[in-house]
Amino acid sequence: MPTVVTHALAGATLVALASRKPVSTPGMLPWLALCGAAAMLPDLDVVTFKLGIPYASPWGHRGFSHSLAAAAVCAGLLAWLCRPLWLRVGLSAASAALLLFLAVASHAALDMICDASFGPALFMPWSDHRYLSGWKPIEGAPIGLKRWFGPKGERVVQTEFVYVWLPCMALWAGRWLSLRRAGEASA
């Protein structure tokens with residue numbers, strides 16, 4: 001699995017690309033922070049390891065918590081609980097819920113392209129099938145601090161930088177240029 005920080009960056013980037021407002025818009029940074037945090041939520045299921053629930057279980061890591069149904073439930077709850085944040089940036093309830101859904105669902109999309117043994121169960125509770133892409137360039141992040149300080153941790157950082165961070169930075173730069181040009185054209 002990619003690291004939670006990488007999931008947050010991808011979720012916030014996806015939502016920012018859907019917005020035509022600059023980051024300097026009042027309330028935009030807290031909104032993007034919420035969307036980044038929402039993208040990390042599925043990995044709360046790592047507690048299932050401590051509870052003795054097997055990884056391959058539909059209720060284990062990357063099971064129901066990584067499904068599109070769980071993303072929809074999380075998005076609805078967050079939209080309801082965080083209404084002041086999306087109102088401040090001028091979103092409707094439906095737009096906020098959709099963007100939050102995309103942020104949470106982006107988590108499963110990234111997990112599908114890492115070298116894990118089990119992909120996310122996208123269609124739980126209707127199907128417990130796990131989905132992995134044929135293209136898996138991202139090294140799966142180790143669970144536990146000890147394995148971070150060695151070759152495995154180094155490979156995780158390198159692959160996430162190349163396949164997620166650099167593309168996200170390019171998208172942020174493109175977004176900034178697009179908004180800048182739009183501002184100059186209207187001036």
Give the minimum heavy-atom separation between [X] and [Y], together with the two atoms involved.
| X | Y | result |
| --- | --- | --- |
| Leu100 | Cys35 | CD2-SG, 3.9 Å |
| Cys114 | Leu132 | O-CD2, 3.9 Å |
| Pro120 | Ala108 | CG-O, 3.6 Å |
| Phe64 | Pro125 | CE1-CD, 3.9 Å |
| Val156 | Ala141 | CG2-CA, 3.7 Å |
| Ala10 | Val164 | CB-CG1, 4.4 Å |

Quick check: does any side chain N or O of [X] sit under 3.5 Å from a backbone N or O of [Y], one acting as donor and the other as acceptor?
| X | Y | value |
| --- | --- | --- |
| Arg130 | Arg62 | yes |
| Lys21 | Val89 | yes |
| Ser133 | Ile113 | no |

Side chains of Leu98 and Ser95 in contact at under 4.5 Å (non-hydrogen atoms):
no
Please verify the inter-ring angle class for His66 with His61; under 30° counts as parallel, over 60° as perpendicular, anything in between as tilted.
perpendicular
For a side chain to side chain contact (heavy atoms under 4.5 Å, CB included) check, start with the C-alpha distance between Arg175 and Thr13, then their side-chain angles and the critical distance, and finish with the verdict.
CA-CA 10 Å; Arg175 179 186 187 278; Thr13 300; over 6 Å; no
Going by atom types only, do Ser178 and Arg20 share a side-chain donor-acceptor pair under 3.5 Å?
yes
To the nearest 0.5 Å, what is the distance between CG (Leu14) and CG (Leu9)?
11.0 Å
